[in-house]
Amino acid sequence: MEAVSRKVPEKNRELFKEPLGRDLKEAELNVIDKMSKMITVGDVVSLTAIKHGIVPDLSIYDGMTERREMTEFATLVKNEGWEEIAVKNEAGMITAELIAAIRNALNGNKEIIRVEGEEDLAVIPCILLSPEGTNIIYGWPGKGMKLVVTDESIRKKARYLMEMTEELE
């Protein structure tokens, strides 16, 4: 996957409103395969995983939940002295900077990416860049958590969504 900034055109926005993966109840966090790679996308999801003793290989957050400031995960990151990388990613976009940060994180140690902007679409490059069998947990506003386990079927859906975005110059 090339690290090129992309934007969701207005005409294709509806395609991105369909969730990927299945609903995940908080109680199920205790039975997820902890030997598989784990990615969390979203402040509440990342905090919930940590509270259940799960240290994700990659956490992506933006300090907001449902358009309101959510500082509990950010405070935890700061208080624990965890290193994070900050990237810019505007709403409705997947920036080259975000793609590169995800790629780098998946090739190395446990990472935290703080998005200046919005992290909602980060799940798509996570699916495309993570190894087979990776558990990706992300927040679905007003509905709870979703779980995607990477395989060829879900990658096909993610590739289709990427094709529905416009490459920026």
Side-chain angles (χ1 to χ4, degrees), residues 1-22 24 32-33 35-46 49 54-65 67 73-74 77 82-141 143 145-169:
M1 177 177 170
E2 198 177 344
V4 174
S5 293
R6 307 188 72 85
K7 181 176 181 159
V8 177
E10 197 62 46
K11 66 180 182 180
N12 291 342
R13 289 209 187 265
E14 286 301 312
L15 297 172
F16 292 81
K17 293 182 180 178
E18 289 295 315
L20 298 168
R22 68 170 182 84
L24 180 70
I32 285 181
D33 178 9
M35 298 307 292
S36 294
K37 212 173 232 334
M38 171 76 68
I39 298 172
T40 56
V41 179
D43 297 66
V44 174
V45 170
S46 297
I54 298 168
V55 180
D57 295 280
L58 171 59
S59 292
I60 303 172
Y61 79 104
D62 65 2
M64 303 288 282
T65 187
R67 308 265 193 274
F73 185 70
V77 169
W82 295 336
E83 287 187 36
E84 65 181 10
I85 181 172
V87 300
K88 290 185 180 359
N89 193 79
E90 297 171 31
M93 292 190 60
I94 300 171
T95 61
E97 190 178 3
L98 176 62
I99 293 168
I102 291 168
R103 178 179 287 119
N104 290 340
L106 292 172
N107 288 331
N109 299 321
K110 296 186 184 299
E111 295 266 346
I112 299 172
I113 298 172
R114 180 175 45 81
V115 174
E116 295 171 356
E118 195 172 286
E119 93 285 81
D120 293 1
L121 296 176
V123 71
I124 297 169
C126 286
I127 290 168
L128 294 172
L129 294 169
S130 62
E132 187 93 3
T134 299
N135 291 307
I136 302 171
I137 303 171
Y138 68 99
W140 194 254
K143 306 279 188 205
M145 296 184 290
K146 295 286 184 182
L147 171 67
V148 172
V149 180
T150 55
D151 62 16
E152 194 47 45
S153 172
I154 198 70
R155 279 198 178 98
K156 184 177 179 183
K157 289 178 185 175
R159 276 192 294 274
Y160 172 74
L161 289 172
M162 284 298 272
E163 288 169 9
M164 294 299 106
T165 62
E166 294 174 346
E167 192 173 309
L168 301 177
E169 299 195 16

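A donor-acceptor pair under 3.5 Å is absent between the side-chain atoms of Thr134 and the main chain of Ser130, judged by distance alone. In terms of modelled atom types and a separation under 3.5 Å, the side chain of Asp57 and the main chain of Met38 share a donor-acceptor contact. Without hydrogens or angle criteria, Glu116 side chain to Val87 main chain gives no donor-acceptor distance under 3.5 Å. Remark: the backbone N or O of Leu15 is not paired with any side-chain donor or acceptor of Asn12 at under 3.5 angstrom. Here the side chain of Asp43 pairs a donor or acceptor atom with the backbone of Asp62 at under 3.5 angstrom.
Side chains of Ile102 and Ile60 form a contact here, defined as non-hydrogen atoms less than 4.5 Å apart. Residues Val123 and Ile136 are in side-chain contact: their nearest non-hydrogen atoms beyond the backbone lie under 4.5 Å apart. Under the 4.5 Å side-chain criterion, counting only non-hydrogen atoms from C-beta, Val41 is not in contact with Ile137. Annotation: side chain of Met162 is in contact with side chain of Ile124 (closest heavy-atom distance under 4.5 Å). Side-chain contact between Leu106 and Ile39 is present, with at least one heavy-atom pair separated by less than 4.5 Å. Side-chain contact check for Met145 versus Val44: every heavy-atom pair is 4.5 Å or farther apart. Side chains of Glu119 and Asn89 form no contact here, defined as non-hydrogen atoms less than 4.5 Å apart.
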Go through the steps for Lys7 and Glu166 under the test salt bridge (Lys or Arg N to Asp or Glu O under 4.0 Å), then give the verdict. CA-CA 5 Å; Lys7 181 176 181 159; Glu166 294 174 346; over 6 Å; no

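Around atom CD of Glu90, no more than 12 heavy atoms belonging to other residues, nucleotides or ligands sit under 6.0 Å away.
Looking at Thr40 and Ser59, their side chains do bring a donor and an acceptor atom within 3.5 Å of each other.
Aromatic ring orientation, Phe73 versus Tyr61: perpendicular (interplanar angle above 60°, classes split at 30° and 60°).
Residues forming a salt bridge (Lys or Arg N to Asp or Glu O under 4.0 Å) with Glu167 (at least two apart in sequence, or on another chain): Arg6. Applying the side-chain contact (heavy atoms from CB on, under 4.5 Å) rule to Glu152 yields the partners Arg155, Arg159; only residues at least two apart in sequence or on another chain are considered. With sequence neighbours excluded, the residues forming a salt bridge (Lys or Arg N to Asp or Glu O under 4.0 Å) with Glu84 are Arg114, listed by chain and number.
In summary, of the residues considered (Leu161, Val149, Ile154, Asp151), a side-chain contact (heavy atoms from CB on, under 4.5 Å) with Ile127 occurs for Ile154 alone.
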